[in-house]
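To start, the structure under review is shown below, and the notes come after it.
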Amino acid sequence: MSRATTGGRHFLQLPGPTNVPERILRATSRPTIDHRGPEFARLTHELLEELKPVFKTKGNIVIYPSSGSGAWEAAMVNTLSPGDKVLMFETGHFATQWKEVAERLGLEVDFVPGDWRHPADPAFVEAVLKEDRNHQIKMVGVVHNETSSSVVNDLAAIRKAMDRARHPALLMADTISSLGSLDYRQDEWGVDVTIGGSQKGLMLPPGLSFNGISDKALAASKTARLPRSYWDWEAMLGQNKSGFFPYTPATNLLFGLKESLAMLREFGLENVIARHNRHGEATRRAVRAWGLDLVCQDAKAYSSSVTAVMMPPGHNADAFRKLVLEQFDMSLGSGLGKLGGKVFRIGHLGDFNDLMLAGTLCGIEMGLALAGVPHNKGGVAAALEYLTGAAAHPQATTA
Ligand SMILES: *Cc1c(COP(=O)(O)O)cnc(C)c1O
């Protein structure tokens, strides 16, 4: 079989880009409008208000026509100065990439080593910041949901650690694969800059990114000296006041964003988060029943949007993914960076339901058999049993 002969819908089970619902695709197919006209201005004002409950912030939000990586750069060039010290944690591939962006911008990164299987330790954050008596560290950067390893960092605990150390550094969170899928609270958790993207929990095609900006971050932007032009918050916020952008926005993706936010409101964000929690737990039960190892080794840090799975030694994860694509027309996430070939990742976020998860897990279980990967049967059955039990309690979390 091949993509040409399987029929039916492609299963896009990456942890992003995710399956884009028909409603959103249709919304993006409207004719493009004048981005300096009155209809566009109304759309901008509505979007900027409607995004706030998703970030759980009352602060400013800016929308860039860029992939998520642009929002990393935007967050740093707007708030930091050449040579500033920043504290970041090696929780996986995306944390490593973000750190490399910081280095290329001329920041001095204290990169706390990690094994890609555990979250950052808040007690360690507190200790480092207490040592930094002259407050040379200007920013603590944390990937909320480390998509490469399916490890979630406890941002609320990291904020508390920063407060205990009475340290004024800004807290930045990469929520590119958690916004709109995992519990996230910018204001309550004291996050100064939220970094987001369109193509994961928000169910949009790739091409939009976000900065959620606290008052403290906005104040820092007044004196920050890293060069900035395209990403400049001041130009963006200035134009946004009248509903416009400093350059041509991604108009049709903004139509899609309007639809995505309507869908999240109709479902109820809390129900969406509970659904992701159920699907995360069901997936982990399948993986355990197969006898395979999760990359994440801390049960408190399991991700509800993606599950990274270790391939047994002697078996190549990319060969397995290729077989699953050819046989079942399903794309699974690859191992990234040093996990290349050793790990496959199951995306279970965005526009997703119980039967899509069941189909995804069936494809994996059949793929394991066809690829001759040693495993136990019954992963799908374990997941279905959990889903059936938890279906009676749709609010159930990861119990
Ligand atoms: C996907 C992702 C990125 C990169 O986003 P792009 O849109 O590919 O630039 C960064 N961080 C995290 C946590 C991600 O999941």
Side-chain angles (χ1 to χ4, degrees), residues 12-20 55 62-77 88-105 109 111 114 116-117 119-120 140-155 158 171-184 186 191 193-212 230-231 250 253 256-257 260 276 280 295-296 301-308 331-337 339-340 343-350:
L12 185 66
Q13 297 322 128
L14 311 174
T18 61
N19 297 287
V20 181
F55 287 63
V62 297
I63 309 172
Y64 295 109
S66 86
S67 90
S69 303
W72 273 339
E73 180 159 340
M76 296 187 289
V77 295
M88 302 173 97
F89 304 87
E90 189 196 355
T91 48
H93 178 72
F94 288 106
T96 305
Q97 290 218 307
W98 185 10
K99 168 232 163 196
E100 285 166 7
V101 176
E103 285 175 344
R104 285 193 290 266
L105 292 174
V109 187
F111 196 50
W116 296 32
R117 303 188 77 165
V140 176
V142 181
V143 176
H144 182 211
N145 183 61
E146 177 48 86
T147 324
S148 62
S149 54
S150 56
V151 171
V152 176
N153 282 296
D154 187 344
L155 290 165
I158 288 171
L171 175 59
M172 293 189 187
D174 171 349
T175 67
I176 294 173
S177 63
S178 52
L179 203 63
S181 55
L182 308 190
D183 185 23
Y184 179 70
Q186 177 178 310
V191 176
V193 188
T194 299
I195 292 148
S198 57
Q199 75 273 28
K200 302 186 182 180
L202 295 180
M203 308 174 284
L204 291 160
L208 293 181
S209 73
F210 307 92
N211 276 173
Y230 188 77
W231 308 114
L253 286 176
L257 178 60
S260 152
H276 282 83
V295 174
C296 179
Y302 286 150
S303 170
S304 295
S305 63
V306 52
T307 300
S331 296
L332 294 169
S334 61
L336 295 174
L339 299 179
V343 161
F344 68 92
R345 294 174 302 144
I346 311 165
H348 34 79
L349 77 163

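Both backbone and side-chain heavy atoms feed into the values below; hydrogens, waters and symmetry mates do not. Remember, it's 1-based here, ligands and their atoms both numbered in the order they're listed. Numbering starts at 1 and runs along the sequence shown.
- Classified by interplanar angle (parallel below 30°, tilted 30° to 60°, perpendicular above 60°), the ring pair W98/W72 is parallel.
- S260 places no side-chain N or O within 3.5 Å of a backbone atom of M203 that could act as its donor or acceptor partner.
- Pocket lining of ligand 1, defined as residues with a non-hydrogen atom under 4.0 Å away: S67, G68, S69, W72, F94, V143, N145, T147, D174, I176, S177, Q199, K200.
- Between N211 and Y64, the closest side-chain pair of non-hydrogen atoms falls below 4.5 Å.
- For the pair L204 and V20, the tightest heavy-atom approach, listed with the atom from each and the gap, is C-CG2, 3.9 Å.
- Residues in residues 196-206 take part in no side-chain hydrogen bond (donor to acceptor under 3.5 Å, both in side chains) pair, two or more places apart or across chains.
- Side-chain contact of Y230 with S66: a donor-acceptor pair under 3.5 Å is absent, judged by distance alone.
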